[in-house]
Amino acid sequence: MINKIVNTVQEALQGIESGMTIMFGGFGLCGIPENSISELVKKQTSNLTCISNNAGVDNFGLGLLLQKKQIKKMISSYVGENAEFERQMLSGELEVELIPQGTLAERCRAAQAGIPAFFTPAGYGTEVAEGKEVREFNGKMHVMEYAFKADFSIVKAWKGDTAGNLVFKGSARNFNPCMCGAAKITIAEVEELVPAGTLDPNQIHIPGIFVQRIFQGEHYEKRIEQRTTRKRA
């Protein structure tokens, strides 16, 4: 039986070097690979091109890599709650490619499916379309976008098994699933790691064929980006 378990985060991240392009799953601070990001900070891996919906916050998530100036370029859909991201972008210290959120997701999914490029109406007539091929379909103009090319994809799931099958929870399903298999190597860190055959096949969101390495993470903080509560009467 296939066993894709690696025992530590250090073993999981073997082969990641400075200058590489890496996908990071998550949405805001939900479903981000906390253990892997912390280890990359410790390893001082630098000059990275990071593909992620956003860049965490100032002192958490990808914001930790930004603080240490380990990221050369961010490819994302918005700046989010990260003041350091905004500062580095405006000062020219950080290369930034902002992409419509749906296009970002589809460029991941296209890479996962082996589709080299696709056409989308999103961004036509704006700076997003500058220098790109455009074509008309059914009376509407579309912009051609290329699938991402990444060295590693690092995702975080709620549960996983030894064969690499994954189950995501809540908003963590936004970008994590479409990043699985979208890079040369996919690393999954999970909250709960179980033997193969334990998960209900009908509940599996990503089959193990898309995952090369899996490990059980620990000490998840699961911070809330913006806490909003209803005032009591």
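Residues: numbered from 1 along the sequence shown. Every heavy atom of this structure was used, including side-chain atoms; hydrogens, water molecules and symmetry mates were not. Being a predicted model, the structure only gives us computed values, none of them experimental.
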Linking I/L/V/M/F/W/Y whenever their side-chain heavy atoms sit closer than 4.5 Å, directly or via other members, would [X] and [Y] fall into one cluster?
X      : Y      : answer
Met179 : Ile99  : yes
Val155 : Val194 : no
Leu62  : Leu64  : yes
Val128 : Val143 : no
Phe27  : Phe60  : no

(message) My understanding is that only residues two or more places apart in sequence, or in another chain, count here; which of them pass salt bridge (Lys or Arg N to Asp or Glu O under 4.0 Å) with Glu97?
(response) Lys73, Arg107

(request) Could I get the full list of salt bridge (Lys or Arg N to Asp or Glu O under 4.0 Å) partners for Lys68, not counting sequence neighbours? (result) none

Are any side-chain N or O atoms of [X] and backbone N or O atoms of [Y], one a donor and one an acceptor, separated by less than 3.5 Å?
X      : Y      : result
Asn176 : Ala172 : yes
Asn35  : Glu218 : yes
Glu39  : Val9   : no
Asn165 : Pro207 : no
Glu145 : Phe119 : no
Asn54  : Gly28  : yes
Thr126 : Gly123 : yes
Ser46  : Gln70  : no
Ser153 : Ala183 : no

(message) Run Ile75 and Cys50 through side-chain contact (heavy atoms from CB on, under 4.5 Å) and show every step you take.
(response) CA-CA 6 Å; Ile75 300 174; Cys50 296; over 6 Å; no

(message) With rounding to the nearest 0.5 angstrom, report the CD to CD1 distance, Gln212 to Ile209.
(response) 8.0 Å

(message) Can you tell me how far apart CD (Gln10) and CZ (Phe215) are? Round to the nearest 0.5 Å.
(response) 8.5 Å

I'd like to know if [X] pairs up with [Y] as an ion pair, taking the criterion as any Lys NZ or Arg NE/NH1/NH2 lying under 4.0 Å from an Asp or Glu carboxylate oxygen.
X      : Y      : answer
Glu93  : Lys69  : yes
Glu133 : Arg135 : yes
Arg213 : Glu11  : no

Residues, nucleotides or ligands: over 12 heavy atoms within 6.0 Å of [X] [atom1]:
X      : atom1 : result
Tyr146 : OH    : no
Lys132 : NZ    : yes
Gln44  : CD    : no
Glu136 : CD    : yes
Lys149 : NZ    : no

(message) If only side-chain N and O atoms count, and only distance matters, is there a donor-acceptor pair under 3.5 Å linking Ser77 with Asn53?
(response) yes

(message) Would you call the rings of His142 and Phe137 parallel, tilted or perpendicular, taking 30° and 60° as the class edges?
(response) perpendicular

(request) Could you point out which residue of Ile51, Leu40, Ile32 forms a side chain to side chain contact (heavy atoms under 4.5 Å, CB included) with Phe24? (result) Leu40

(request) Establish, yes or no, whether the cationic atom of Arg173 lies under 6.0 Å from the six-membered ring centre of Phe168 and within 45° of the ring axis. (result) no

(request) Decide side-chain contact (heavy atoms from CB on, under 4.5 Å) for Asn138 and Lys140; before the verdict, give the C-alpha distance in whole Å, the side-chain angles of both, and the deciding distance to 0.1 Å. (result) CA-CA 6 Å; Asn138 301 317; Lys140 191 172 186 177; 5.7 Å; no

(request) Going by the salt bridge (charged side-chain N to carboxylate O under 4.0 Å, His left out) test, name the single residue among Glu191, Glu189, Glu192 that passes it with Lys156. (result) Glu191

